[in-house]
Amino acid sequence: MSFPGLTLIPRTRTTPLQVLMVSVTTVILSVLAMVLMFSLLGAEPTTIFQSFFIEPLSSGYNIGEVVIKASPLILIAQGLAIGFRAKVWNIGAEGQLIMGAITASLLPIWWPQSDSMLLLPAMIVFGALGGMVWSGIAALLRTSFNASEIIVTLMLTEIARQVLYFLLTGSLRDPGGYNFPQSVMFPDAGLYPIIGTGAVRANASIIITLLMTIGCWIFVNRAFAAFRLQVGGLAPAAAQYAGFSQKQAIWLSLLISGAAAGLAGMGEVAGPIGRLQSMLSPGYGYAAIIVAFLGGLNPIGIFFAGFLMAIVYVGGDIALVNAGIPSAAPVVFQGLVMVFYLGASLFLRYSLVSVFTLADVKEPV
Amino acid sequence: MSVIVFVLSGAFAMCVPFALAALGELVAEKSGVLNLSVEGMMALSAVMGFMVVAGTGSHVLGLGAGMIAGAGLSVIFAALVLLFRANQVAAGLAVGILGMGLSNLLGRSYEGSSVTALAKIRVPVLSEIPVIGPILFVQDIVVYLTVVLVIVIAWFLYHTKPGLRLRVIGENPETAYALGMHPVAVRLACVAFGGMMAGLAGAYASTILTPVWAQNMIAGRGWVAVALVVFGTWRPIRIALGAYLFGAVGLASLSLQSLGVGVPSQVMSASPYLLTIIVLVVISANSLRIRLNAPMALGQNFSPHG
């Protein structure tokens with residue numbers, strides 16, 4: 001990019017403050033663009049702002065909704081960020097979410113009368129495994145045949161959707177459900193308990209998300225493994241020389257992110273939905289990619305970015321009622337956020353310098 | 001027999017969105033840019049095309065509006081990767097999500113409404129030939145245009161100097177730049193062309209192929225188009241044949257269902273994605289074969305000054 005009289009110099013390092021500034025700028029620009037866009041479509045700007053960004057936090061019930069939606073977004077994004085830091089591109093989290101939901105659902109569908117204490121923990125394990133198997137296919141094909149994990153995870157998402165429809169119109173359909181493509185309702189033992197005090201209530205899936213966030217934070221800040229993973233992905237040759245392997249980085253990244261997405265899928269069927277159905281997520285698997293980036297691929301940043309995205313999801317529901325704004329609005333906001341973030345993050349990798357102050361700085365070749 | 005003729009004939013119209021979008025994506029990828037926003041570009045252009053045809057009754061204007069919408073989104077994508085040097089995968093997803101969101105936003109008030117489809121052209125004399133006539137010579141104008149575009153793009157990429165330059169930039173932009181070519185300008189043009197093609201594909205899908213507006217109109221066809229480029233190993237003719245195959249498979253699954261043949265429709269719907277993975281594995285495992293056709297610099301950004 002070139003501006004008259006200005007030039008870009010690659011940065012060698014960035015400070016956490018710069019990372020934060022880029023994300024904050026992104027959010028401000030996206031909010032402004034969103035309000036402007038809907039104003040042009042005939043809505044009152046204050047109503048828009050109020051509905052999307054204030055009301056989701058204005059009542060205990062709404063905050064509970066925000067927590068319920070933030071949970072899968074953060075969980076998936078934490079997993080994805082591990083891979084993204086190592087340049088392993090799992091963009092099929094939506095498919096892994098679907099597979100995790102399917103495998104976790106098998107147990108309560110087989111034992112719909114169960115009141116076992118073990119049902120929920122077993123579903124958690126099954127959900128994580130389902131996601132891992134689906135992302136593991138991509139890891140296997142990448143490490144054995146060098147097939148791009150970008151294309152494979154994408155294709156597997158569409159295949160997972162068809163697997164879900166196939167099962168819901170066949171063996172997993174509720175026999176007493178008037179042919180609707182959905183399973184039986186899960187027994188209480190197969191649902192996350194509701195936690196929370198007073199007005200704010202959410203389900204216990206947020207505990208898994210918190211554990212994942214803490215785990216990722218420790219992993220990133222303390223563990224040598226994270227460093228090995230990053231080197232393995234960024235510089236395969238150097239990593240090999242130092243004794244780490246690119247294959248390990250690919251397997252680890254894909255399995256962790258697959259497990260996280262599978263858990264998120266399990267959390268949906270064992271949480272707000274309560275059964276397996278054809279509509280499992282409003283694109284959490286894709287939105288989590290944006291959450292991961294907006295959070296600067298940092299566990300703490302992702303935590304806040306996930307809440308912002310969840311606020312807008314809940315705000316979308318409110319705006320639909322308040323101002324008749326179509327339910328696609330949160331998706332538009334996600335797109336805006338990602339576009340602005342990618343634009344703004346140029347300044348994380350380069351600094352913009354006036355050519356006139358550059359007397360003693362050589363232009364990089 | 002009549003079912004086979006129906007499938008083979010209808011597959012042409014079914015494959016047009018796949019073929020047009022995949023050929024556009026091919027040109028972008030051949031210049032070294034992986035644009036994953038095809039689904040979003042098709043979705044936005046589908047609604048734009050539909051709105052214009054609903055308002056004016058003109059399919060020419062509708063297809064034109066679709067092309068402008070697709071090109072518009074692709075230019076945002078191009079700005080991110082070429083100007084702001086963003087990661088191509090991330091930028092493609094970003095613009096794709098934006099396009100899908102805008103499509104559902106704008107389409108909300110049109111849900112369930114329809115526009116008149118374009119009449120098919122019966123080529124005189126030729127359409128009277130038994131079997132072949134109804135398959136090949138009773139199609140709408142865009143089908144014929146698509147066939148022409150396949151040939152023109154294949155000829156352009158492999159038999160002209162600008163086509164050669166485009167491919168050089170996709171293989172090694174640094175060398176191309178050193179030789180006096182303009183990788184950034186060429187990539188911008190290729191991405192915009194890809195956007196126009198995706199736009200034409202989307203508008204065709206919503207105003208001619210299925211002229212009734214429904215949310216999620218494109219329903220994954222953009223991803224199939226991305227897949228087709230890999231499936232056709234980056235060769236235009238193979239991509240077009242692949243598009244026809246996927247179109248025929250889609251139509252056959254509908255016909256089989258109506259005949260009560262027990263092939264689950266989901267197996268048919270999943271097959272393009274499954275076939276793409278298999279082809280990708282086969283060509284990727286053999287490094288020579290992928291090197292022959294896949295652009296070496298695909299997905300890598302280039303900037304003239306580091």
Side-chain angles (χ1 to χ4, degrees), chain A residues 1-2 7-10 37 41 84 89 91 137 141-142 144-148 150-152 154-159 161-167 169-170 283 286-287 289-290 293 325-346 349-350 363-365, chain B residues 34 36 40 76-77 79-87 89-109 215 220 223-224 226-227 230 264-277 280-287 290 299 303-306:
Chain A
M1 182 153 154
S2 57
T7 189
L8 288 168
I9 305 287
M37 183 183 296
L41 289 173
F84 290 173
W89 296 103
I91 53 178
I137 297 173
L141 297 181
R142 169 75 198 274
S144 307
F145 303 103
N146 198 31
S148 158
I150 299 170
I151 303 287
V152 173
L154 258 177
M155 297 299 118
L156 284 174
T157 297
E158 298 303 315
I159 294 173
R161 238 187 267 285
Q162 298 304 326
V163 171
L164 175 67
Y165 297 153
F166 176 71
L167 293 172
T169 51
Y286 293 109
I289 298 172
I290 298 169
F293 274 98
I325 301 271
S327 56
V331 181
V332 174
F333 183 75
Q334 289 164 13
L336 288 171
V337 165
M338 190 69 168
V339 167
F340 283 123
Y341 179 82
L342 290 171
S345 66
L346 172 82
R349 287 168 291 130
Y350 299 90
E363 169 119 355
V365 183
Chain B
L34 175 65
L36 290 182
I76 297 178
F77 167 80
L80 286 178
V81 299
L82 299 175
L83 207 59
F84 288 92
R85 304 179 197 179
N87 178 288
V89 173
L93 290 171
V95 173
I97 289 171
L98 186 62
M100 281 182 261
L102 287 175
S103 171
N104 283 343
L105 195 67
L106 296 170
R108 176 59 72 193
S109 52
Q215 298 294 81
W223 297 121
V224 176
V226 173
V230 181
S265 67
Q266 294 89 0
V267 174
M268 295 297 232
S269 303
S271 61
Y273 309 108
L274 202 57
L275 285 172
T276 298
I277 292 180
L280 181 67
V281 165
V282 170
I283 58 169
S284 304
N286 183 336
S287 58
I290 201 161
S303 51
H305 305 291

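Since we're looking at a predicted model, the values are computed, not measured. Proteins come first, then strands; the chains are lettered A, B, ... in the order of their sequence lines, and each starts at number 1.
Only the side chain of A:Leu41 comes within less than 4.5 Å of a heavy atom of chain B; its backbone N, CA, C and O stay farther away. Residue B:Val226 touches chain A through its side chain alone, counting heavy-atom pairs closer than 4.5 Å. The contact between A:Ser327 and chain B is made by backbone and side chain atoms together, counting heavy-atom distances below 4.5 Å. Heavy atoms of A:Ile290 lying under 4.5 Å from chain B belong exclusively to its side chain.
If you take CZ on A:Arg142 and CG on B:Leu280, they are separated by 11.0 Å, rounding to the nearest 0.5 Å. How far OG1 of B:Thr276 is from CG of A:Leu156: 11.0 Å, rounded to the nearest 0.5 Å. Expressed to the nearest 0.5 Å, how far CG of A:Leu154 lies from CG of B:Leu93 amounts to 7.0 Å. With rounding to the nearest 0.5 Å, the separation of CZ in A:Phe340 from CZ in B:Phe84 is 10.0 Å. Rounding to the nearest 0.5 angstrom, the gap separating the CE atom in A:Met37 from the CG atom in B:Leu105 is 7.5 Å.
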**Item:** Pair B:Ser269-A:Glu158, side chain to side chain contact (heavy atoms under 4.5 Å, CB included): steps then yes or no
**Value:** CA-CA 9 Å; B:Ser269 303; A:Glu158 298 303 315; over 6 Å; no
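Counting all heavy atoms, side chain and backbone alike, B:Ala86 lies closest to A:Leu342 at CB-CB, 3.8 Å. Residue B:Tyr273 comes nearest to A:Met155 through the heavy atom pair CD2-SD, 3.5 Å, listed as atom of the first residue, atom of the second, then distance. For the residue pair A:Ala147 and B:Val281, the shortest heavy atom distance occurs at CB-CG2, 4.1 Å. Minimum heavy-atom separation, A:Ala328 to B:Gly101: CB-O, 3.5 Å.
With sequence neighbours excluded, no residue satisfies salt bridge (charged side-chain N to carboxylate O under 4.0 Å, His left out) with A:Arg349. Legend: residues meeting ring pair (Phe, Tyr, Trp, His ring centres under 6.0 Å) with A:Phe293, ordered by chain and number and at least two apart, are A:Phe84.
Results of the side chain to side chain contact (heavy atoms under 4.5 Å, CB included) test with A:Val332 over B:Leu98, B:Ile97, B:Asn104 single out B:Leu98 as the only residue that passes. The side chain to side chain contact (heavy atoms under 4.5 Å, CB included) test with B:Ile277 is passed by exactly one of A:Ile137, A:Ile151, A:Ile159: A:Ile159.
Per-residue heavy-atom pair counts under 4.5 Å with chain B were compared for A:Ala287, A:Ser148, A:Pro326, and the maximum is reached by A:Pro326. Interface check for chain A: of the options B:Ala90, B:Ala91, B:Gly96, the most heavy-atom pairs under 4.5 Å are formed by B:Ala90.
Under the 4.5 Å side-chain criterion, counting only non-hydrogen atoms from C-beta, B:Trp223 is not in contact with A:Thr157.
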